[in-house]
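In what follows, a single structure is set out as structure tokens and then discussed.
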Protein chains: 2
Amino acid sequence: MAYRIALVDDDRNILTSVSMVLESEGFQVTTYRDGVDALRGLTAEPPDLAVLDIKMPRMDGIELLQRLREKSGMPVIFLTSKDDEVDELLGLRMGADDYIKKPFSQRLLIERVRSIFRRIEAQKASAASPGTASATSLARGELVLDPAQHLCLWKNAPVNLTVTEFLIIQALAQRPGHVKSRDQLIDAAYGEHIYVDDRTIDSHIKRLRKKFREVDKDFSHIETLYGVGYKYNETNAAA
Amino acid sequence: MAYRIALVDDDRNILTSVSMVLESEGFQVTTYRDGVDALRGLTAEPPDLAVLDIKMPRMDGIELLQRLREKSGMPVIFLTSKDDEVDELLGLRMGADDYIKKPFSQRLLIERVRSIFRRIEAQKASAASPGTASATSLARGELVLDPAQHLCLWKNAPVNLTVTEFLIIQALAQRPGHVKSRDQLIDAAYGEHIYVDDRTIDSHIKRLRKKFREVDKDFSHIETLYGVGYKYNETNAAA
DNA sequence: CCGCATTATGGCAAAAATACCGCAAAGGTA
DNA sequence: TACCTTTGCGGTATTTTTGCCATAATGCGG
């Protein structure tokens, strides 16, 4: 279930480059080249997040946001070129969730976008009634993972995981019995444009094992494959 | 299996310092001092990644990339000195994978480089195992080998192999009944540019036979061809 | 059966990979 | 602001793997 992001900018180059980046991260991107078009599109089919340039012909980003806010509370990130535009944003504080100064790195952009969606997930989690399995949830034998609720159950007992831990166990449980290299797990947990050390994965695996053991002393479903990576087994490791 | 990186910059200091950093991370680095040389070198022997300075005499990085793109899709990272160069990149974005502003920290550079290679590995992995049965998995009679799961079964019993052992049995099982010389097995297990002693293969064969015998006392499918090498037989050796 | 060449195998120390402690930085919250 | 949680990573202990040696065993040609 890919998030949908609307991108509004009058610079076609930025439009294509940014949307490429976002799409490479698995988001579904719709682009608009000016505020008027965008207002129509965004109203007709609201995305999960809007990324707006401030300076645009016909209708600038700020006016666009004000119009949007009449109808919708969708998250918004602004793109700004100048510091005084930032000031303006801060002064007005009219409901933007974040802003990014041009020029910006892919990494920064993705960081901001992901943080927005993390926040949304968190809200969903607290809002959702427990017991309702959402569409994206995962039930692998005794393990239940529901990203929407940020819920992890082991043999029906809740396991309290942090965001990173959740992403890692999710990646592992996606394919029980299959090895994931540390690099693959880094991609799954952080996205492709962020580097963390291999050993950091070890730490998270350690914490995961510990938390599962707190619920089930004999938990040993996360297996180390020496020289390869880790894998999640549905059946407990015997030998 | 070291990744090969080409580094192109007219500043000799940067050339040496950066290549030292990369080499210390285990990468194999080739350097070029201008775009014309680089184009020739990169075309003749394409590396796994190119790191290009933008501002260079004779041919700048942007032109170099365009020329490269005519032939190759190798990943590219740009080095830039000025913000307006960044703008240009963001706008044009003609196939560069990332950019780094000078001056940059060693850590940042490594971060970017590793992220590129993670992506490559990820693609390899997903290409290798799209469904449940990975394309490269092998079922030869009673022997089952699945690299994606790092799984080895003999008569449905799991055999716990190390990476090297796995690579060797894989090479042997690829063509049952066909001899592989020790040199061929070394290539298969270590890559072509690493030297280990012939007798080392004997050791691995020893360990393989032992591990298989632990599961099946009468296992004798790995046959020695005196003076030639080893081969894997589907039917047990009748001798 | 003999002598030479090749292989099998147990053992071992070095190397490689991993587990995990503890801390400090980062981020969020009240 | 101060406080709490999360997180990444340095560093060390531990485990696993691995290459190779020395010796015994086996194969091969005569």
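Predicted model only: the values in this text are computed from it and were never measured.
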Fill in the blank from the handout: To the nearest angstrom, the CG-P distance between A:D197 and C:dC23 comes to 20 Å
Exercise for the section: State whether A:H204 places a side-chain N or O below 4.0 Å from either non-bridging phosphate oxygen (OP1 or OP2) of D:dT7. Expected result: no
Fill in the blank from the handout: side chain to side chain donor-acceptor pair (under 3.5 Å) test vs B:Y230 passes for just one of B:Q184, B:H204, B:E223, B:R182, namely B:R182
Problem - Phosphate OP1/OP2 of C:dA17 contacted by A:T224 side-chain N/O (<4.0 Å) - result: no
Handout entry: Given DNA chain D, 5'-ward residue of the pair A:T200 and A:K211, judged by closest heavy atom
Key = A:K211
Exercise for the section: Of all the heavy-atom pairs spanning B:S19 and B:L7, show the shortest one and how long it is. Expected result: N-CD2, 3.9 Å
Practice task
Of all the heavy-atom pairs spanning B:P46 and B:R4, show the shortest one and how long it is.
Solution key: O-NH1, 3.3 Å
Exercise for the section: Write down the distance between CG (A:L161) and C1' (D:dT5), rounded to a whole number of angstrom. Expected result: 14 Å
Handout entry: Atom-to-atom span, CD of B:E223 to C1' of C:dA8 - whole angstrom
Key = 15 Å
Exercise for the section: Starting at atom CG of B:D202, determine the distance to atom P of C:dA5, rounded to an integer number of angstrom. Expected result: 17 Å
Problem - Aromatic plane relationship, A:W154 with A:F212 - under 30° parallel, 30 to 60° tilted, over 60° perpendicular - result: perpendicular
Problem - Separation of D:dC9 C1' from B:I110 CD1 (nearest whole Å) - result: 14 Å
Practice task
Can you tell me the distance, in whole Å, between the NZ atom of A:K210 and the P atom of D:dT7?
Solution key: 14 Å
Exercise for the section: Establish, with yes or no, whether the OP1 or OP2 oxygen of C:dA8 is under 4.0 angstrom from a side-chain nitrogen or oxygen of B:Y230. Expected result: yes
Practice task
May I have the distance from A:L208 (atom CG) to C:dC20 (atom C1'), rounded to whole angstrom?
Solution key: 14 Å
Practice task
Tell whether B:K206 reaches the base of C:dG11 with its side chain through a donor-acceptor pair below 3.5 angstrom.
Solution key: yes
Exercise for the section: Calculate the interatomic distance between B:I205 atom CD1 and D:dG19 atom C1'; express it in whole Å. Expected result: 15 Å
Practice task
Would you mind classifying the nucleic acid contact of A:T162 as base, sugar-phosphate or nothing, using non-hydrogen atoms under 4.0 angstrom?
Solution key: sugar-phosphate
Exercise for the section: Report which part of the nucleic acid B:Y195 touches: base, sugar-phosphate, or nothing (heavy-atom distance under 4.0 Å, all strands). Expected result: nothing
Handout entry: Salt-bridge contact B:R114-A:D198 (side-chain N to carboxylate O under 4.0 Å)
Key = yes
Practice task
Answer yes or no: is there an ion pair linking B:E165 with B:R207, defined by an N-O contact shorter than 4.0 Å?
Solution key: no
Handout entry: Side-chain N or O of A:R182 closer than 4.0 Å to phosphate OP1/OP2 of C:dA17
Key = no
Exercise for the section: May I ask you to say what B:R207 touches in the nucleic acid, namely base, sugar-phosphate or nothing, with a heavy-atom cut-off under 4.0 Å? Expected result: base
Exercise for the section: Look at the side chain of A:S203 against the base of D:dC9 and say whether a donor-acceptor pair falls under 3.5 Å; ignore hydrogens and angles. Expected result: yes
Handout entry: Short side-chain N/O contact to C:dT18 OP1/OP2 from A:R199, under 4.0 Å
Key = yes
Practice task
Kindly say if A:T164 contacts the phosphate of D:dT7, meaning a side-chain N or O under 4.0 Å from OP1 or OP2.
Solution key: yes
Handout entry: Minimum-distance nucleotide to B:Y190 side chain [options: C:dA17, D:dC28, D:dG19]
Key = D:dG19
Completion exercise
Among the nucleotides C:dT9, D:dC28, C:dA19, whichever has the atom closest to the side chain of B:R213 is C:dT9
